[in-house]
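If you're wondering where the values come from, they're calculated on a predicted model, not measured in any experiment. Sequence positions, counted from 1, serve as the residue numbers for this chain.
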Amino acid sequence: MIVRYPCKVTNLWMMLTEAEEQSKHFWSYTATGVQCNGWSVHVPSDVTGELGKMVILPCTFTHPYKTFDRALTAIWRIKEPYNGTVIFKCVSQSSSELCKTAISHKNKYKLLGNPRHKDLSIRVDNLTWSDSERYFCRVELAGDIQDKYESRNGIKLHVIAAPRIINITVSSSRDHTFQARCTAEGEPTPALTWSGPPYSNLSSTSSSSHRVTKELRSLTHDGKYTCTAVNSHGRAEGAIYFYKFRASDSSSFMILIFVLLGIKAVILLVILSFSAFPREGPPSAPPSLASLVCHNLTRFWAGQ
């Protein structure tokens with residue numbers, strides 16, 4: 001997309017640059033009503049990048065000067081033109097000097113182009129969901145009358161991602177029923193499905209932005225339940241194993257535990273009693289702890 005703006009004609013450019021920050025409506029009018037000779041900004045309307053990776057935002061421009069050796073400033077904003085938040089800025093004082101970075105929000109924006117060659121393109125690193133914004137490039141040329149030129153429609157950055165299961169759990173409610181819950185994220189928002197043992201059709205789905213949650217209610221059958229998330233960029237799965245806690249099984253298990261603990265207690269008491277009252281005999285070297293335990297156990301089971 002090529003966006004053209006009014007250019008400098010005698011004193012007309014000074015009037016436009018002063019009004020630029022005050023009235024967007026005036027700029028909208030002049031942009032459609034004045035043809036510019038030599039000034040233009042070239043930006044795509046949309047750019048797509050993948051979550052966690054980098055993306056390039058292209059921006060090139062033209063100006064009417066054959067050569068320009070004075071200070072040049074490159075600026076990128078988000079949200080809106082002219083008054084949006086500045087996320088990148090660099091300054092080049094002369095044609096022999098590189099554009100030195102003055103602002104790079106969270107240090108994630110890097111200049112790729114050369115503003116002296118009419119290229120303001122930047123790279124955005126480690127994309128996050130919050131980077132899905134509209135971006136505007138701007139160039140300022142210092143002089144007797146400072147020329148300011150900015151893309152008015154900007155670039156819309158779309159962040160996409162394959163599905164990812166971020167949480168899968170089983171919980172109980174006050175009425176002693178069980179439900180499984182699965183949460184996934186991705187862009188476009190993934191579709192969630194449950195599979196596994198027979199279950200009721202009672203389920204609910206909620207979503208917000210790039211995240212979706214699906215709950216499976218009233219679980220009754222033991223087994224493996226699988227949650228599958230799918231969108232146009234991929235597929236992800238997560239699984240849980242559900243087994244109901246039964247009272248009969250609990251009673252048998254607790255009885256077994258107590259029996260084993262009782263046997264251990266009796267054996268310990270016998271060992272201590274034999275150690276406290278040793279048989280009389282000629283003095284000898286004290287036996288080791290291991291041999292003493294084995295000897296006492298042998299005597300106990302032999303009925304001595």
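Rounding to the nearest 0.5 Å gives a distance of 10.5 Å between CG of Leu111 and CZ of Arg123. Once rounded to the nearest 0.5 Å, the distance linking OH of Tyr243 with NZ of Lys224 reads 10.5 Å. Expressed to the nearest 0.5 Å, how far CG of Asn114 lies from CG of Leu72 amounts to 9.0 Å. Taking OG1 of Thr48 as the reference point, atom CD1 of Ile160 lies at 6.0 Å (rounded to 0.5 Å). Distance NZ/Lys89 to SG/Cys99: 10.5 Å, rounded to 0.5 Å. Residue Arg138 holds its CZ atom at 9.5 Å from OG1 of Thr73, rounded to the nearest 0.5 Å.
The two residues Ser173 and Gln179 have their closest heavy-atom pair at N-NE2, 3.7 Å. Between Thr226 and Ala239, the closest heavy-atom pair is OG1-CB, 4.0 Å. Shortest non-hydrogen contact noted between Ala162 and Asn231 is CA-OD1, 4.1 Å. The shortest heavy-atom contact between Glu187 and Trp129 is CB-CZ3, 3.5 Å. Scanning both residues, Pro58 and Ile155, for their nearest heavy atoms gives O-CD1, 3.3 Å. Between Thr189 and Ser209, the closest heavy-atom pair is OG1-O, 2.8 Å.
Side-chain contact check for Arg217 versus Thr177: every heavy-atom pair is 4.5 Å or farther apart. For the pair Ser95 and Phe68, the minimum side-chain heavy-atom distance is 4.5 Å or more. Between Lys53 and Leu127, every side-chain heavy-atom pair lies at or beyond the 4.5 Å cut-off. For the pair Glu50 and His233, the minimum side-chain heavy-atom distance is 4.5 Å or more. Contact of the Gln93 side chain with the Val91 side chain is registered, since non-hydrogen atoms from C-beta on lie closer than 4.5 Å. The shortest distance between side-chain heavy atoms of Phe136 and Val43 does not fall below 4.5 Å. Looking at Lys118 and Thr60, their side chains never come closer than 4.5 Å, going by heavy atoms from C-beta outward. For the pair Val230/Arg235, a side-chain contact is recorded, criterion being any heavy-atom separation below 4.5 Å from C-beta on.
Among Thr101, Ile75, Ile78, the one residue that satisfies the side-chain contact (heavy atoms from CB on, under 4.5 Å) test with Phe88 is Thr101.
Between the Ser121 side chain and the Cys59 main chain, a donor and an acceptor come within less than 3.5 Å of each other. At least one donor-acceptor pair under 3.5 Å links the side chain of His63 to the backbone N or O of Tyr65. Between the Trp76 side chain and the Leu120 main chain, a donor and an acceptor come within less than 3.5 Å of each other. A donor-acceptor distance shorter than 3.5 angstrom exists from the side chain of Ser151 to the backbone of Cys137, with no hydrogens or angles considered. Side chain of Lys108 to main chain of Asn126: a donor-acceptor pair is present (N/O by atom type, distance under 3.5 Å, no hydrogens or angles). Judged by distance alone, with hydrogens and angles left aside, the side-chain atoms of Arg134 form a donor-acceptor pair with the main-chain N or O of Asn153 at under 3.5 Å.
A continuous path of Ile, Leu, Val, Met, Phe, Trp and Tyr side chains, each step under 4.5 Å between heavy atoms, connects Phe61 with Val47, placing both in one hydrophobic cluster. Leu269 and Leu261 fall into different hydrophobic clusters, where Ile, Leu, Val, Met, Phe, Trp and Tyr residues are linked whenever their side-chain heavy atoms come under 4.5 Å apart, directly or through other members. Following chains of ILVMFWY side-chain contacts shorter than 4.5 Å, one cannot reach Val212 starting from Ile165, and the two form parts of different hydrophobic clusters. When the side chains of ILVMFWY residues are joined at heavy-atom separations under 4.5 Å, either directly or via intervening members, Met54 and Leu112 end up in a single hydrophobic cluster. In terms of hydrophobic clustering, with Ile, Leu, Val, Met, Phe, Trp and Tyr side chains grouped at heavy-atom distances under 4.5 Å, Ile168 and Leu192 are assigned to different clusters.
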Quiz item: Does the pair Asp131 and Leu157 meet the rule for a side chain to side chain contact (heavy atoms under 4.5 Å, CB included), with working shown?
Solution: CA-CA 7 Å; Asp131 292 323; Leu157 174 58; 4.3 Å; yes
Practice problem: Show the numbers, then the answer: is there a side chain to side chain contact (heavy atoms under 4.5 Å, CB included) between Leu141 and Arg70? | Solution: CA-CA 7 Å; Leu141 306 180; Arg70 297 186 182 183; over 6 Å; no
Exercise. Start with the C-alpha distance between Val159 and His210, add both sets of side-chain angles, then the distance that settles side chain to side chain contact (heavy atoms under 4.5 Å, CB included), and finish with yes or no.
Key: CA-CA 10 Å; Val159 178; His210 49 268; over 6 Å; no
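Counting non-hydrogen atoms of other residues, nucleotides and ligands closer than 6.0 Å to CZ of Arg116 gives a total above 12. For NZ of Lys156, the number of neighbouring non-hydrogen atoms (other residues, nucleotides, ligands) closer than 6.0 Å is greater than 12. With a 6.0 Å radius and a threshold of 12 heavy atoms from other residues, nucleotides or ligands, Leu98 has its CG atom at or below the threshold. Taking a 6.0 Å sphere around NE2 of His105, one finds it holds 12 or fewer heavy atoms contributed by other residues, nucleotides or ligands.
Using modelled atom types, one finds no donor on one side chain facing an acceptor on the other under 3.5 Å when comparing Thr169 with Ser171. At a cut-off of 3.5 Å, with distance as the only test, a side-chain donor of Thr62 or Ser40 sits close to an acceptor on the other residue.
Under a 4.0 Å N-O distance rule, the pair Lys148/Glu150 does not qualify as a salt bridge. Under the 4.0 Å criterion applied to side-chain N and carboxylate O atoms, Glu185 and Arg211 are assigned as salt-bridge partners.
Under the 30°/60° scheme for interplanar angles, the aromatic rings of Tyr135 and Tyr109 are found to be tilted.
In this structure, Phe242 has its ring center closer than 6.0 angstrom to the ring center of Phe178.
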